[in-house]
Amino acid sequence: MNFIEDLKWRGALNQVTDEAGLLEAMSNDKIGAYVGTDPTAPSLHLGHLIPFMVLKRFQNAGGKAVIIIGGGTGAIGDPRPTTERKLLSPEQLAANEQGITAQVTKLFGTGDTQIVNNNDWLGKLTLTDFLRDYGKLFSINVMLKKDVVASRLETGISFTEFTYQILQGIDFHELWRRHNVQLQIGGSDQWGNITSGIDLIHAIEGNEAKAFGLTIPLMTDATGKKFGKSEGNAIWLDAEKTSPYTFYQFWYNQSDADVVKYLKYFTFLSVDEINELEKVSQENPGAREAQRRLAQEVTKFVHGQAAVEEAERLSAALFSGDVADLSADEIADAFGGVPSFEIEQAPKNIVDFLVDGQIESSKRQAREDVTNGAIRINGEQIKDLEAVIDPASHYDGQFVLVRRGKKKYFLGKVQ
RNA sequence: GGGAGUGUAGCGAAGUCUGGCUAAACGCGACGGACUGUAACUCCGUUCCUUCGGGUUCGUAGGUUCGAAUCCUACCGCUCCCA
């Protein structure tokens, strides 16, 4: 199976500009492909992982992976279909660039990968050079027709964001020139920006210049919701923002209807392996074999093998439910990945305890959950609103382990 | 600058003409529970705060009234049309 066939089988292909041409270019030469990310946040989240997975597959298919950290484009802002973005401060941008660069480096290693920051060339471009060298090559008429711009004409779009597509076009051309990058990969919303780049390359280098674009379909789950949120929160790749345990659990909890789709999309398992897992999953869905494998593979890719083992150890401890007999050391060891909060040594009423530990948002809510039997302290269900929590009662007086609902854990640490 | 709209709980959206029955319909989301396979579906409950007596809300500030999300005035924000 070639690169494109593999993507099709995985359901990871939305549009390609010239499928045959791309395959030919790949077989004739070691070409590069790139994915760009603007540093809009200090960490990547699962949505970002999607194009990176495809880039990695491209690399595995013998290509060279190039990643742009968009210091320059991030300073401008890729227009959203609805509203204008707020500009990020230079300090924020710098911090975000640093965080994201570190993550990408971890994902791709240092092998056949190039990580560049487009601020290196965009930052040096003077206004007059920009207008003379690039502005002349872009037709306002074409730019206005791009989907994002068209949708913004109603509500308004600043000149700054309007210009974004030119900047991304310049990026593609720069990489084409410097690193033999002939393919740009992105989400389906990037089609317009990608074709801007291809057009620019053709305008500067001539129509015979090889440049291709490939987009990936928007990922949704079986109920049609946008993928990648857990309880309304984004799943981050940064272990500080989303613990490896939570990350692992996110994948482990995927529904049967979605799991095969995600195996195809988010793992490098072979066709045979995935087909086998699909079969196993259908025959015995309750064993959650496919989900387990999915969780292992993706957690390994993002956080490493040690994190997988840690997450599985923690999961085993939590879901056995038998936590009261663990030692303080075991608690510290196993529950390190669970959200924690600081507590005082003195005994405290259950409701106050939950609110002070920010496990509950208000006393009202805390009472409701306690009354419903949703709260367990050190493994023991507490339904009495007057109950007093004494940190000294378990784990050498060091910890109080709180469980809310069926599977949310919090660790109180005595100061 | 002129004209027309609009601003309600996390979001969407009723209620405004015909003031009290409105802490404010309904939907989504979120949270909890039952079921289960740490799934999906379904079902049930909760969703401003509370010392459970009550308190504070419907863009903001005033006013009318026994009583205002609902009427009046000013201001602020947003959208559209004309210039």
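Residue numbering restarts at 1 for every chain, and letters A, B, ... go by the order of the sequence lines.
Each of A:D369 and A:S315 was assigned the nucleotide of RNA chain B with the nearest heavy atom; the assignment lying further toward the 5' end belongs to A:D369. Between A:P285 and A:S361, the residue anchored closer to the 5' end of RNA chain B is A:P285, taking for each the nucleotide with the nearest heavy atom.
Judged by the 6.0 Å distance and 45° axis criteria, A:R404 is not positioned over the aromatic ring of A:F410. Judged by a 6.0 Å distance limit and a 45° cone about the ring axis, A:K413 is not positioned over the six-membered ring of A:F341.
Using atom P as the reference point in both B:rG19 and B:rA69, the two lie 14 Å apart (nearest Å). Taking atom P on both B:rU70 and B:rG7, the two are 12 Å apart, rounded to the nearest angstrom. On the C1' atoms, B:rA24 is 8 Å away from B:rG15, given to the nearest whole Å. Here, B:rU73 and B:rA25 have their C1' atoms 31 Å apart, quoted to the whole Å. A gap of 32 Å separates the P atoms of B:rG33 and B:rA13, to the nearest Å. If you take atom P in B:rU46 and the same atom in B:rG62, they sit 36 Å apart, rounded to whole Å. For the C1' atoms, the distance from B:rU60 to B:rC52 is 32 Å, rounded to whole Å. Distance check on atom C1': B:rC58 versus B:rA14 gives 12 Å, rounded to whole Å.
Spacing between atom OH of A:Y262 and atom P of B:rA40 amounts to 12 Å, rounded to whole angstrom units. Atoms CD1 (A:I375) and P (B:rU46) sit 18 Å apart, rounded to a whole Å. If you measure from atom CD of A:E360 to atom C1' of B:rC31, you get 9 Å, rounded to the nearest angstrom. With rounding to whole Å, A:R293 atom CZ is found 22 Å from B:rA39 atom P. Taking atom CD on A:Q254 and atom C1' on B:rG37, their separation rounds to 15 Å, with Å as the unit. Across the protein-nucleic acid pair, A:L314 atom CG and B:rU38 atom P stand 16 Å apart, rounded to whole Å. Computed from coordinates, the A:K261 NZ to B:rA40 C1' distance equals 13 Å when rounded to whole Å. Residue A:R288 contributes atom CZ, which lies 11 Å from atom P of B:rG37 at whole-angstrom precision.
Between A:S362 and the phosphate of B:rU50, there is a side-chain N or O to OP1/OP2 separation shorter than 4.0 Å. Distances shown here put every side-chain N or O of A:K407 at or beyond 4.0 Å from the OP1 or OP2 atom of B:rG37. In this model, the phosphate group of B:rC49 is approached by a side-chain N or O of A:R364 to a distance below 4.0 Å at OP1 or OP2. For the pair A:K408 and B:rU38, the criterion of a side-chain N or O lying under 4.0 Å from OP1 or OP2 is not met. Contact annotation: A:R367 reaches the phosphate of B:rU51 (side-chain N/O to OP1 or OP2, under 4.0 Å).
In this structure, A:H394 has its ring center at least 6.0 angstrom away from the ring center of A:F399. Under the 6.0 Å cut-off for aromatic ring centres, A:W251 and A:F266 qualify, their centroids lying closer than that.
In this structure, A:Q365 reaches the sugar-phosphate backbone alone: every heavy-atom distance under 4.0 Å involves primed, P, OP1 or OP2 atoms, never a base.
Panel note: side chain A:N117, backbone A:D120; no donor-acceptor pair is recorded below 3.5 Å. Not a single donor-acceptor pair under 3.5 Å links the side chain of A:N118 to the backbone N or O of A:G74. Of the possible donor and acceptor atoms, none in the side chain of A:E360 sits under 3.5 Å from a partner among the backbone N and O of A:L354. The main-chain N or O of A:G405 is found under 3.5 Å from a side-chain atom of A:R403 such that the two form a donor-acceptor pair.
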Pull out every protein N or O sitting under 3.5 Å from an N or O of nucleotides 33-36 of chain B, one pair per line with the distance.
residue : atom : partner : partner atom : Å
B:rC35  : N4   : A:K406  : NZ           : 3.0

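Among the nucleotides B:rU46, B:rU51, B:rC31, the one closest to any side-chain atom of A:K363 is B:rU51. Considering only side-chain atoms of A:Q291, the nucleotide from B:rU38, B:rG37, B:rC31 that sits closest is B:rG37.
Summarising the base pairing, B:rG19 is matched to no nucleotide, lacking a Watson-Crick or G-U wobble pair whose two defining distances lie under 3.5 Å. The base-pairing partner of B:rC43, taking Watson-Crick or G-U wobble contacts with both distances under 3.5 Å, is B:rG33. In this structure, B:rC58 forms no base pair with any nucleotide, since neither Watson-Crick nor G-U wobble geometry is met with both distances under 3.5 Å. Pair assignment for B:rG12: B:rC26, on the basis of Watson-Crick or G-U wobble contacts that are both within less than 3.5 Å. With a 3.5 Å ceiling on both atom-pair distances, the Watson-Crick or G-U wobble partner of B:rC80 is B:rG3.
Using a 90° window around 0 for the glycosidic torsion, B:rG53 falls inside it and is classed as syn.
A:T195 pairs with exactly one of A:K146, A:Q190, A:Q15 by the side-chain hydrogen bond (donor to acceptor under 3.5 Å, both in side chains) rule, that one being A:K146.
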Tell me, with the steps shown, if A:S393 and A:D390 meet side chain to side chain donor-acceptor pair (under 3.5 Å). CA-CA 6 Å; A:S393 67; A:D390 183 359; 5.9 Å; no
